[in-house]
Amino acid sequence: MEGEPPAVVVPAGRPEYGDYQVNGIMGAAKRARTNPRELAANVVDELELGDVAESIEIAGPGFLNIRLKPAFLSAQITTTALIEKTTQPQRVVVDYSSPNLAKEMHVGHLRSTVIGDAVARTLELAGHTVIRQNHIGDWGTAFGRLLAFLDEVGDEAAQDAELRDIEALYVEASERFEKDPAFAERARQMVLALQAHEPSAIAKWEHFMALAQQHMSEIYARLDVSLRSEDIRGESAYNEAIGPMIADLQKQDDVLVESDGALCIFMPQFKNKDGEIQPMIVQKSDGGYLYHTTDLAALRYRRDMLHADRVLYFTDARQILHFDMLFAASRLAKITDVDVLLEHHPFGKILDKDGRPFKTRSGDNVLLRDLLDQAIERATTLIHDKNPELDSDQREVVARAVAIGAVKYADLSKNRLHDYTFDWDEMLAFDGNTAPYLQYAYARISSVFEKGNIDRTQCSEPPRLETEVERQLAVHLLRFQEVIEQVVADARPHYLCSFLYELTVRFMRFYEQCPILSEEPPIRDGRLTLCSRTAATLETGLKALGIRVLARM
RNA sequence: GCGCCUGUAGCUCAAUGGAUAGAGCAUUGGCCUUCUAAGCCAACGGUUGAAGGUUCGAAUCCUUCCAGGCGUGCCA
């Protein structure tokens, strides 16, 4: 338009402002030192939107309100693809979930797992190449304690445990470590043996890892999380790479500096509590490595071996400083160039209804195993009450999809940096911005096609869009592409949740007001096209969030 | 102390610097001989923590406060 200032065309804030509004005129007029309403009038004269817009009105200080032609909307609905793949696909590494396997998976792992998975799926939907990386904690002092303890209780007990009580094992091992000097010494020896790759110690470690990963896989399967065993690349995977990396860093002047016996990177923008530069410790004074070191090595691997264009990390907000330092150090030490996008996407804690950290009554972490059990139990009861006609097999399938969807959606729909409140009743409600509400809409649509004995994929009659509710539904359906692109750009799935919720509200209005199957062919078939497009959008959108749809519920 | 994050309706949450700050829950009142009422419609509800500033326009950007959370050299 005027060159520099963006046109800023956005969906209209209110129905009376039309379908889309142009906000850029006032800014442009300011630069050009002209009257905004006059400029707006000139713009309207220049625009050729004859086939697209029904009306363009100048409003307020210089807004343009655009109302689209029903024929244009209708043609878009019938001819455009649901999602157009990007023409500039990137290789995107998504680092998420990443539990420490010394402990059983608990509610603290939920947000990273669920949000990261949704973003990974959405990136794929948009046409990017996603490389999932499950950077599990599988190395370090905790494993010395655990393995020394398992040694003591014997292999049989270890087998029996099957990681069911991994939490209890770890707690017990830690207690022994505190109280029993002889045991503590054996634990330390175990760590050394592991670091030296002593075969017997490694064998024990591998055995334990197999069990722990089995447990992890079961949780992912129940949660419908797309992480596979081939996505695992834990801390231990970078062991061999750290030595050479440090050697390379030492070749660069002024990167690694020794301080109190530790090898550090000093970056002036990071200050500690005394106002001095806070070092990023790459190698401890005892020769050991820290998470900074492993993350640097992982970043190097992701650039050199995975050829990443973009790397996303999903962790809680406490690690903000860590990632700020990691990214800065990575650039300083030329591990990644500035053209590799490094993004940390932090999130807050999960709280209970009273605003306290979400824990069990006894104050322990809520295990994901128990959380999912409870979700399914609650959903089963609910569905039994709401729809007693479902047989028990159907009920099980529905309860599972509803329960898992509810838990995930509750988190995804309010992806924010601050803490969020975990509330069973709210997430399992069938009204409001919840998974069950969206799933119910999908089931209703499916039911229409089933009643009419119609193949959803064969609908091609352009909708008439003669009523306002149909128009509103159509306008919204056409925004799917742009919303997916927003999620891709910002890694924030709640944009997609809001879009799907608003879509569902508009569909429900349409469904209440407009009869479908009882109409004469042209109207009926056009409305079926709207239903078909809505169902496809809901299905694709929810799938991108990692949530299942149900033909019946 | 310093740094980062958060503060929006009674509650849970939205809002690319745009018009009169929106939803749901809760409360109150309507709508089922018709495609799933697990739904729809309506009413009620606000000094966006406070005060300044920038801007044609601020919940959003800047400054200073207030409140809460987190981090701050060998844990992750």
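Every chain is numbered from 1 and lettered A, B, ... according to where its sequence line falls, protein lines coming before strand lines. Values below: every heavy atom of this structure, side chains too, minus hydrogens, waters and symmetry copies.
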Participant: Pick base, sugar-phosphate or nothing for A/N453, based on heavy-atom distances below 4.0 Å to the nucleic acid.
Facilitator: nothing
Participant: State, yes or no, whether a side-chain contact exists between A/I277 and A/P268 at a heavy-atom distance under 4.5 Å.
Facilitator: yes
Participant: Taking the P atom of each, how far is B/G1 from B/C44, in whole Å?
Facilitator: 46 Å
Participant: Surrounding CD of A/E396 (heavy atoms of other residues, nucleotides or ligands, distance under 6.0 Å), is the total greater than 12?
Facilitator: no
Participant: With sugar-phosphate meaning primed atoms plus P, OP1 and OP2, does A/M280 contact a base, only sugar-phosphate, or nothing at under 4.0 Å between heavy atoms?
Facilitator: nothing
Participant: Between B/C13, B/C4, B/U72, which nucleotide has the shortest distance from any of its atoms to the side chain of A/Y420?
Facilitator: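 That would be B/C13.
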Participant: With rounding to the closest Å, how many angstrom separate the C1' atoms on B/A38 and B/C32?
Facilitator: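 Approximately 14 Å lies between the C1' atom of B/A38 and that of B/C32.
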Participant: Tell me: CE of A/M26 to C1' of B/A58, nearest whole Å?
Facilitator: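 A/M26 atom CE is separated from B/A58 atom C1' by 14 Å.
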Participant: Taking the C1' atom in each of B/C11 and B/G45, what is the distance between them to the nearest angstrom?
Facilitator: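 Result for the C1' pair: 12 Å, nearest Å.
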Participant: Checking all strands, does A/K353 fall into the base, sugar-phosphate, or nothing category for heavy-atom contacts under 4.0 angstrom?
Facilitator: nothing
Participant: Once you round it to whole Å, what is the distance between P of B/A76 and CD1 of A/I320?
Facilitator: 19 Å
Participant: Categorize A/T421 for me: base, sugar-phosphate, or nothing, with a 4.0 angstrom heavy-atom threshold over every strand shown.
Facilitator: sugar-phosphate
Participant: Please give the distance between the P atoms of B/A50 and B/G7 as a whole number of Å.
Facilitator: 13 Å
Participant: May I ask you to say what A/I516 touches in the nucleic acid, namely base, sugar-phosphate or nothing, with a heavy-atom cut-off under 4.0 Å?
Facilitator: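 It contacts base atoms.
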Participant: What nucleotide among B/A38, B/U20, B/C5 has an atom nearest to a side-chain atom of A/K386?
Facilitator: B/A38
Participant: Just checking A/Y17: base, sugar-phosphate only, or nothing, at a heavy-atom cut-off of under 4.0 Å?
Facilitator: base
Participant: Check the surroundings of atom CG in A/D254: do more than 12 heavy atoms from other residues, nucleotides or ligands lie under 6.0 Å from it?
Facilitator: no
Participant: On a plain distance test, is the side chain of A/Y291 in donor-acceptor contact with the base of B/A76 below 3.5 Å?
Facilitator: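 When only heavy-atom distances are counted, A/Y291 does reach the base of B/A76 through a donor-acceptor pair under 3.5 Å.
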Participant: Just call it for A/T434: base, sugar-phosphate, or nothing, with non-hydrogen atoms closer than 4.0 Å on any strand.
Facilitator: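 No contact.
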Participant: Contact class for A/E235 (heavy atom, under 4.0 Å): base, sugar-phosphate, or nothing?
Facilitator: sugar-phosphate
Participant: Using a heavy-atom cut-off of under 4.0 Å over every strand shown, decide if A/A142 touches base, sugar-phosphate, or nothing.
Facilitator: nothing
Participant: Pairs counted only when both distances fall under 3.5 Å, Watson-Crick or G-U: show me the 5' to 3' dot-bracket for RNA chain B, [ ] for pseudoknotted crossings and | for other-strand partners.
Facilitator: (((((((..((((....[...)))).(((((.......))))).....(((((..]....))))))))))))....
Participant: Looking only at atom types and distance, does a side-chain atom of A/S447 sit under 3.5 Å from a main-chain N or O of A/A443, one as donor and one as acceptor?
Facilitator: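 Judged by distance alone, no pair lies under 3.5 Å.
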Participant: How many Å lie between CG on A/L473 and P on B/C40, as a whole number?
Facilitator: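 Taking CG of A/L473 and P of B/C40, I get 14 Å after rounding.
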Participant: Give me the distance, rounded to whole Å, that separates B/A58 from B/A21 when you measure between the C1' atoms they each carry.
Facilitator: 12 Å
Participant: In whole Å, I'd like the distance from the CZ atom of A/R31 to the C1' atom of B/G57.
Facilitator: 16 Å
Participant: With sequence neighbours excluded, what pairs up with A/S236 under the side-chain hydrogen bond (donor to acceptor under 3.5 Å, both in side chains) test?
Facilitator: A/D138
Participant: Determine: side-chain N/O of A/H494 to OP1/OP2 of B/A15, distance under 4.0 Å, yes or no.
Facilitator: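 For A/H494, the contact criterion (side-chain N or O under 4.0 Å from OP1 or OP2 of B/A15) is met.
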Participant: When all nucleic acid strands are considered with a 4.0 Å heavy-atom cut-off, which category describes A/Y501: base, sugar-phosphate, or nothing?
Facilitator: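 Since only primed, P, OP1 and OP2 atoms lie under 4.0 Å of A/Y501, the category is sugar-phosphate.
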Participant: Rounding to an integer number of Å, can you tell me how far A/H418 NE2 sits from B/C70 C1'?
Facilitator: 14 Å
Participant: Could you tell me whether A/L517 contacts a base, only the sugar-phosphate backbone, or nothing, with contacts defined as non-hydrogen atoms closer than 4.0 Å?
Facilitator: base
Participant: May I ask you to say what A/L290 touches in the nucleic acid, namely base, sugar-phosphate or nothing, with a heavy-atom cut-off under 4.0 Å?
Facilitator: sugar-phosphate
Participant: Determine the interatomic distance between C1' on B/G22 and the same-named atom on B/G46; round to the nearest Å.
Facilitator: 11 Å
Participant: Between B/U20, B/A19, B/G73, spot the one nearest the side chain of A/Q21, thanks.
Facilitator: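 Looking only at side-chain atoms, A/Q21 lies closest to B/A19.
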Participant: Pick base, sugar-phosphate or nothing for A/Y495, based on heavy-atom distances below 4.0 Å to the nucleic acid.
Facilitator: sugar-phosphate
Participant: Heavy atoms, side chains only, cut-off 4.5 Å: are A/R378 and A/M427 in contact?
Facilitator: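 The answer is no; the side chains never approach within 4.5 Å.
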Participant: Between B/C4 and B/U64, how far apart are the two P atoms, rounded to whole Å?
Facilitator: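 Looking at atom P only, B/C4 and B/U64 are 11 Å apart.
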Participant: With a non-hydrogen cut-off below 4.0 angstrom, is A/D431 in contact with a base, only sugar-phosphate, or nothing?
Facilitator: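 Sugar-phosphate only.
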Participant: Any donor-acceptor pair under 3.5 Å linking the side-chain atoms of A/N415 with those of A/H345?
Facilitator: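 Distance-only check fails for A/H345 and A/N415.
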Participant: With rounding to the closest Å, how many angstrom separate the P atoms on B/G17 and B/C62?
Facilitator: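 Going atom to atom, P in each nucleotide, I get 12 Å.
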Participant: Taking the side chain of A/M508 as heavy atoms from C-beta outward, which of B/A38, B/C13, B/C40 is closest to it?
Facilitator: B/C40
Participant: Consider the side chain of A/L321, meaning its heavy atoms from C-beta on, and name the nucleotide among B/U72, B/G18, B/U36 that approaches it most closely.
Facilitator: B/U72
Participant: Please pick, from B/G73, B/U12, B/G18, the nucleotide with the shortest atom-to-atom distance to any side-chain atom of A/I281.
Facilitator: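 Out of B/G73, B/U12, B/G18, the nucleotide with an atom closest to A/I281's side chain is B/G73.
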